[in-house]
Every structure is written in C-alpha cells, then in structure tokens.
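It should be emphasised that the depicted structure is a prediction, and the values quoted were computed from it without experimental measurement. Residue numbering restarts at 1 for every chain, and letters A, B, ... go by the order of the sequence lines.
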2 protein chains.
Amino acid sequence: MTSPNYQQKSAKDYAYFEVKELIIKGELPPEEAIIEEKLATLLEISRTPLREALQRLEWEGLVSRRKNGRLEVASISTSELRELFKIRSALEGIIVVHATKKATNEDLEKLEDCVQMINLLSGSDRVDDILQYGKAFHNILYEISDLETSVRILRQLNDHIDRYRRLVPFEKTKSQKPIQSDHDLILKIMREKDLDKVASVMEEHIMKSAEIAITAVTKYESGISKRND
Amino acid sequence: MTSPNYQQKSAKDYAYFEVKELIIKGELPPEEAIIEEKLATLLEISRTPLREALQRLEWEGLVSRRKNGRLEVASISTSELRELFKIRSALEGIIVVHATKKATNEDLEKLEDCVQMINLLSGSDRVDDILQYGKAFHNILYEISDLETSVRILRQLNDHIDRYRRLVPFEKTKSQKPIQSDHDLILKIMREKDLDKVASVMEEHIMKSAEIAITAVTKYESGISKRND
DNA sequence: TTAAGTATTATTGTATACAATTATACGTTA
DNA sequence: TAACGTATAATTGTATACAATAATACTTAA
C-alpha cells in the first residue's frame with residue numbers, strides 16, 4: 001500500500017496516508033521531531049485522528065518514540081536495512097511457494113506480461129519503469145498467494161525499503177540487470193512447479209537486491225555520520 | 001510480551017495489555033462485538049486511550065473491523081494458524097542463525113539451563129512447566145539475536161498462537177516429547193556453529209509443533225462449524 | 001560568568017462534548 | 001403478515017478543553 005490510496009473517508013486514514021507519504025518521500029527526514037499540534041494544523045484536522053495515525057506509523061516503525069514520549073521520524077541504519085531484507089527474503093520465499101501452488105494460467109499470463117516488459121526495457125535508461133514492473137511482479141505474487149498476514153508484513157517492509165531508496169538513491173547500474181532477469185527465471189520455475197527451487201531462487205533474488213541497497217546506505221552512513229557526536 | 005507487563009503508566013498501555021489479555025485468555029471470545037463505551041467503562045478509563053489501544057490490537061490482528069467500522073474480537077481459523085506457524089518458522093530460523101553467531105558462553109549457559117529443566121521435567125505430567133521452559137529457550141534466542149524487527153513480529157505471532165492454545169488446548173501427549181528434545185539438539189548445533197543446519201533444524205522444530213496445533217484446531221473447527229450458516 | 005533553582009511555556013495525555021453514521025424499533029400500508 | 005419507511009437509539013468519529021508532564025527561559029546567588 002505504498003501507492004496512495006485515495007478512497008479515504010476518515011480523517012484518521014487521510015492523516016495516515018499523508019504522513020506516511022511525507023516520511024517515505026523524505027519530506028519529513030529521519031529523526032525530525034513530530035509535534036502533534038503543528039502536524040494537525042498542517043493537515044487541517046484535529047489531534048485525535050492524527051494521534052491514531054501516528055500510533056499506527058509508530059507500530060509500523062516509520063515513527064519512533066523517544067524515552068520522554070515525544071515522537072520523531074524513525075532513523076535509518078544499515079543494520080536495520082539488512083534485517084528488513086532478510087525478513088523480506090524469507091517471506092517472499094513463502095509467498096512464491098504458495099503462489100506457485102495456486103497460480104492459474106491467467107495468473108501466469110499476468111506475470112509473463114511483467115517479465116516481457118522488463119525484458120523489453122532492459123538495457124534502456126528507463127530504470128524507474130523497470131523497477132515498477134519488478135514491483136508489479138511481486139505484487140501479483142502477493143495476491144495469488146492469498147497469505148494475508150505475510151502480505152501485510154511484506155507491504156510494511158517494502159514501505160520501509162522504499163524510504164531507504166528515496167533517501168539514498170540506490171545504484172542504477174548494470175548490476176541490476178541480472179537481478180531483473182531473475183523474474184524470468186522465477187516464472188519459469190513456477191511453471192515447472194518446483195517448489196523448493198522457486199523458494200531458494202526467490203530468496204537469492206531478494207538478497208541480491210539487498211546487496212545493492214546495503215552498499216548504498218553504507219556509503220551514505222559513512223558520509224553523514226558523526227553528526228550526533 | 002504475552003506475560004503481563006505491569007510498569008504501565010499510561011491509560012493507553014494499561015488498556016492495551018488488559019484487552020490483549022482478555023482476548024488471549026478467551027474471556028473476550030472470537031467474533032465478540034467490542035463496544036468502546038462499555039469496554040472503557042469496564043476498564044474505568046475514557047474512550048480516547050482505549051481507542052488507541054484497540055487500534056494497536058487491530059493492527060496486530062487480535063481485533064478486526066467489520067465493513068461498517070465496528071470492531072470485534074478476531075476470528076480464528078486453521079488456515080490462519082498454519083500461516084502464523086509458517087512465518088514463525090522462517091523468522092525463528094533467521095533468529096537462531098544470528099543468535100548462534102553472537103552467543104557468548106554465558107548465553108549458551110542460560111540456554112543449557114532451559115534444556116536441562118526440560119529434560120528433567122520430561123516424562124513428568126508438568127506439561128505447562130515444560131512449555132514455559134520451551135518458551136524461555138526461544139525468548140533467550142530472541143534476545144541474543146538482537147534482531148529488533150524480527151523479534152517484534154515474532155512476539156506478535158506468539159501472542160496469536162497463545163490465543164489458539166487457550167481456545168483450543170493443544171494435545172499434551174507424548175507426541176510433544178520429541179519436539180521438546182529438539183531444544184537439546186539445537187543447542188548442540190549452536191555450539192558447533194553450523195549455521196545452515198541450525199536454521200533447518202529450528203524450522204523443522206517449529207513446523208512439528210505446528211502440526212499438533214493445526215490438528216487440534218481442525219478438530220475444533222469441524223466441531224463448532226456450521227454455526228454461521 | 002556559572003550553577004541552581006524557579007517560573008513560564010510547549011507538548012503530550014486524557015476526558016468530555018458533540019457530530020456523523022449506523023443499527024434498531026415501530027408503525028403504516030399494501 | 002410482509003415490506004417499506006421513518007423515528008429513535010446506539011455507536012463511532014472528531015474536535016476541543018483541560019490536566020499532567022517535560023522543556024525552556026529567566027533570575028538570582030556565589
């Protein structure tokens with residue numbers, strides 16, 4: 001649910017999506033203090049629904065609470081990012097196994113469409129589009145799998161990872177090419193219904209993209225660290 | 001954090017732990033309607049902090065929202081339980097690998113104590129005690145691993161599983177004995193620092209206990225189903 | 001000038017009041 | 001009696017007021 005979901009009727013949901021977007025886009029940077037009154041005024045709602053939205057974001061880990069009870073935008077770290085990818089890798093493995101079991105021909109067609117678009121764009125400079133189709137591929141798997149809890153956790157993890165991606169633009173180099181072509185391979189294995197193999201290839205696929213991300217954030221951290229000394 | 005955490009200062013936290021306990025213990029049964037006003041009166045607090053607690057429980061999946069916005073205690077199902085154990089298995093695998101890497105001799109001693117207590121009690125009828133030491137074993141691993149996000153998700157999963165355990169008392173038969181002795185084996189492999197093996201043995205360990213739980217809930221479901229027809 | 005202590009302000013926590021919505025009860029009509 | 005519509009009540013959503021707490025600014029003494 002990273003993409004804006006605009007059938008929000010309630011002030012609470014409005015605040016949730018709005019603040020989340022501000023954080024993921026980096027407009028509220030890591031460790032920025034959050035003052036309820038000010039944010040409420042900005043969003044033109046009262047503190048009550050805003051607080052409820054902030055609590056949810058706190059639970060999701062995008063907002064954190066200082067010892068004194070005050071809120072701030074969550075900080076980022078290489079070790080956290082590494083952990084996020086580890087969990088994601090395990091869950092994507094579970095998901096793809098279930099998706100493989102349940103996939104209809106129609107489902108496989110949809111995945112095929114994504115793969116073809118990725119292959120088509122591969123080599124071009126439309127890296128953001130490639131990224132989008134990659135995400136779409138995974139989202140289709142989520143839906144096929146029908147694993148509610150896993151998908152919920154995964155979407156949350158992906159929100160976090162997206163924030164890292166914005167704050168520290170990951171390398172957009174040829175090193176991503178073999179990663180993108182993994183989708184091709186995964187779909188092939190899904191068709192063969194090889195459950196063990198599809199899980200391990202998926203897990204490796206995720207950990208490969210983790211490497212790029214972690215490298216980028218490590219550079220970033222060494223660049224800006226010592227700020228709080 | 002299933003065990004009551006009584007340094008709650010705020011009404012919100014009080015409500016959170018209290019309502020969670022009511023749900024896990026089954027005193028608020030699945031699908032029971034939750035009326036904010038009544039619950040607030042019962043807990044002798046106002047609706048505002050109660051609502052914040054309920055939202056957190058909703059996000060954790062112990063409370064769910066009907067299409068009309070009203071809350072109820074979450075329902076249970078075999079398929080959900082199966083998924084809970086799958087995720088738990090993957091995360092316990094990640095955790096035990098990290099714990100194995102980081103464990104000090106002192107840490108291993110603490111684990112050894114649990115294992116010895118389990119072995120000592122094994123064969124006796126003190127099944128609840130055995131269960132407690134089993135939980136303690138895993139909790140120690142969580143702390144050693146120092147993987148904040150994974151542990152947070154795991155504790156949440158365990159709360160859910162505990163609720164199932166209360167609602168549908170799992171079999172307390174000799175079938176659990178080999179599962180309990182897994183702890184012994186896991187500790188041995190940790191000492192050998194065999195990371196691949198420790199992960200797979202842990203995953204199997206969890207999935208074995210899953211079998212017992214799922215069997216129990218399946219019976220339970222077939223017993224009470226058709227209620228909503 | 002610095003340190004400690006106190007007053008002031010800022011911010012969060014909680015309760016309550018009211019508005020909006022949904023469910024229920026009741027009566028009317030076919 | 002069944003179906004519909006309307007009035008009433010129950011419940012949730014939001015705003016606001018006030019209380020509790022933490023941060024800051026200020027004053028005074030050494």
Here the distance between atom C1' of D/dT12 and atom CD of B/E72, to the nearest Å, is 16 Å

Check ion pair B/D162-B/K25 (N to O, under 4.0 angstrom): no

From CG of B/L39 across to C1' of D/dA10 the rounded distance in Å is 16 Å

At less than 3.5 Å, do the side-chain atoms of A/S10 and the base atoms of D/dT14 form a donor-acceptor pair? no

Rounded to whole Å, the CG-P distance (A/L43 to D/dT14) equals 13 Å

From the candidates C/dT14, C/dG13, D/dT11, the one with an atom nearest any side-chain atom of B/K38 is D/dT11

Does B/R66 reach a base, just sugar-phosphate, or nothing at all? Heavy atoms under 4.0 Å.
nothing

Check your understanding: Quick check: are there more than 12 heavy atoms from other residues, nucleotides or ligands sitting under 6.0 Å from CZ of B/R126?
Key -> no

**OP:** Using a 4.0 Å heavy-atom cut-off across all strands, classify A/L71 as base, sugar-phosphate, or nothing.
**Re:** nothing

Taking for A/T48 and for A/G69 the nucleotide of DNA chain C with the nearest heavy atom, the one nearer the 5' end belongs to A/G69

Here the distance between atom C1' of C/dT14 and atom OH of B/Y14, to the nearest Å, is 15 Å

Margin query: Looking at B/R70, is its backbone amide N or carbonyl O close enough to the side chain of B/R66 to form a donor-acceptor pair, meaning the two atoms are under 3.5 Å apart?
Written below: no

B/L50 CG to C/dG13 P, in whole Å, measures 16 Å

Tell me whether the side-chain N/O atoms of A/R51 come closer than 4.0 Å to OP1 or OP2 in C/dG13. yes

Describe the nucleic acid contact of B/I34 in one word from base, sugar-phosphate, nothing, applying a heavy-atom distance below 4.0 Å. sugar-phosphate

Check nucleotides 21-25 of chain C against the protein and report each pair of N or O atoms closer than 3.5 Å, with its distance, or say if there are none.
| from | atom 1 | to | atom 2 | distance (Å) |
| --- | --- | --- | --- | --- |
| C/dA23 | OP1 | B/N68 | ND2 | 2.5 |

- Task: Inspect the surroundings of CD in A/E32 and state if more than 12 heavy atoms from other residues, nucleotides or ligands are less than 6.0 Å away.
- Result: yes

Sequence neighbours excluded, the answer for side chain to side chain donor-acceptor pair (under 3.5 Å) partners of B/D146 is none

The side chain to side chain donor-acceptor pair (under 3.5 Å) partners of B/Y16 (sequence neighbours excluded) come to B/K20, B/E60

May I ask you to decide whether A/D113 forms a salt bridge with A/K110, counting only side-chain N to carboxylate O separations under 4.0 Å?
no

Between NZ of A/K12 and C1' of D/dT14 the distance, given in whole Å, is 11 Å

Rounded to whole Å, the CD1-P distance (A/I35 to D/dA22) equals 15 Å

Here the distance between atom P of D/dT11 and atom CZ of B/R65, to the nearest Å, is 15 Å

Between A/R47 and D/dC18, does any side-chain N or O lie under 4.0 Å from OP1 or OP2? no

Checking C/dA15, D/dA15, D/dG13 against the side chain of B/E36 (C-beta onward), the nearest is D/dG13

